[in-house]
2 protein chains.
Amino acid sequence: MARTADPTGRDRILSTATALFYTHGVRAVGMAQVIEAAGCGKNMLYRHFPSKAALAAAYLARVRAQRDRSAQAALDGAWNDPASRLVALVAEVAAWNRRRDYRGCAFRNYLTEFPAGDDEPARVARDYLRDTRHQIDTLVAALGSPPLLADRLWLLIDALYAATGSDPEVAVDWSRELVGL
Amino acid sequence: MARTADPTGRDRILSTATALFYTHGVRAVGMAQVIEAAGCGKNMLYRHFPSKAALAAAYLARVRAQRDRSAQAALDGAWNDPASRLVALVAEVAAWNRRRDYRGCAFRNYLTEFPAGDDEPARVARDYLRDTRHQIDTLVAALGSPPLLADRLWLLIDALYAATGSDPEVAVDWSRELVGL
DNA sequence: GTCTATAAGGGGATAGAC
DNA sequence: GTCTATCCCCTTATAGAC
């Protein structure tokens, strides 16, 4: 169809792969399935993503970018005190949890699917966990609270990502109580 | 070697499969790998477990039996009041969490690997989650506390099963505080 | 030169047959 | 226990349309 390079090609493929990987899991989705859903040729996919691991890493990086933007928006919409910002972070996870297409945490899910993985996607996943945990620690320190508060808030976030049928609002209310709001 | 059926055969196979499935994930482990590790013939495995789904269901049922026994032992070792029993249940999960070979919750992991599954193993997994949640609800009702306590304790248990590097003791102490001990 | 479509390589999956 | 059938996996290579 197009004689010139399709600038939307890579993004369209990655968008398709992201939806499939997140919904069904990385292991359950084959490259052929991504190709068919994206409506592209095999050649094009492998030029942009030389392997499935590369595609999975790009998938996780894309989700991370979305999550970071969403978390930043939550912080921007909160009061400027550490307590409000901590609650805003928990509430943001809860809001994500309530989405109809919610299927847990993409990074924790990946590490469950590939427990011994130390390739690029695993690094992206572990970096996200480390960075978000660090974000909590920093805000708790700014609040002047003992590290125990960070441990507890992190437990709440872990629980929200597990999502075995609990009401996310319980966690948000609890976090508010924890930080003294 | 043996002319009569090996009574330990089925159990040996299931034991091997349990270790492999739990450590590496169900999807990552092939039937050939189970056969080789169990040191049995292919026909013997398929005689006892006609499909991989049947083997996975038996694996989850076996883990459930272990978990139920362990939870019961924790209850038996606790005081007979609902508060102590609730803490004992949380502490039992924390103790499991501290094991070196801990790799998360077998049931939650399976549901992550097969999110749309409604076959036998998925039913075993979901039944476990439903029953353990019900166990918490019952004890909280016996304690005379509002359902919110059960929601919160369930969040702690979910968090313990996620286990992204938190100290399990934090959850146990928190549960003790929650039930008023 | 850039895309799609198709075929094939090389391996491993589940499962069945003897 | 071995051997085979069938299928799907990831990946590469080839051929054809614009």
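Protein chains get the first letters and strands the later ones, always in sequence-line order, with residue 1 at the start of each.
Looking at A/Gln72 and A/Asp76, their side chains do bring a donor and an acceptor atom within 3.5 Å of each other.
In this structure, of C/dA8, C/dC18, C/dC3, it is C/dC3 that holds the atom nearest to the side chain of A/Met44. Here D/dT14 is the nucleotide among D/dT14, C/dT14, D/dT11 with the atom lying nearest to any side-chain atom of A/Asn43. Relative to the side chain of A/Tyr46, the nucleotides C/dT14, D/dC10, D/dT14 differ in distance, and D/dC10 lies closest.
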**Pair A/Arg64-A/Asp131, salt bridge (charged side-chain N to carboxylate O under 4.0 Å, His left out): steps then yes or no** = CA-CA 11 Å; A/Arg64 159 140 207 188; A/Asp131 293 346; 3.0 Å; yes
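Residues of residues 22-40 of chain A that place a heavy atom closer than 4.0 Å to DNA chain C, in numerical order, are A/Gly39, A/Cys40.
One finds no side-chain N or O of A/Arg47 lying less than 4.0 angstrom from the OP1 or OP2 phosphate oxygen of C/dT2.
For the side-chain contact (heavy atoms from CB on, under 4.5 Å) test, no residue two or more places apart in sequence or in another chain qualifies with A/Ala32. Residues forming a side-chain contact (heavy atoms from CB on, under 4.5 Å) with A/Ala57 (at least two apart in sequence, or on another chain): A/Glu120, A/Pro121.
Using the six-membered ring where Trp is involved, A/Trp96 and A/Tyr22 have ring planes that are parallel, under 30° apart on the 30 and 60° scheme.
Atom P of nucleotide D/dA13 and atom CG of A/Leu45 are separated by 16 Å, given to the nearest angstrom.
Under 3.5 Å, the side chain of A/Lys42 and the base of D/dT11 form at least one donor-acceptor pair of N or O atoms.
B/Tyr102 and B/Val93 fall within a single hydrophobic cluster, where Ile, Leu, Val, Met, Phe, Trp and Tyr side chains are chained together by heavy-atom contacts under 4.5 Å.
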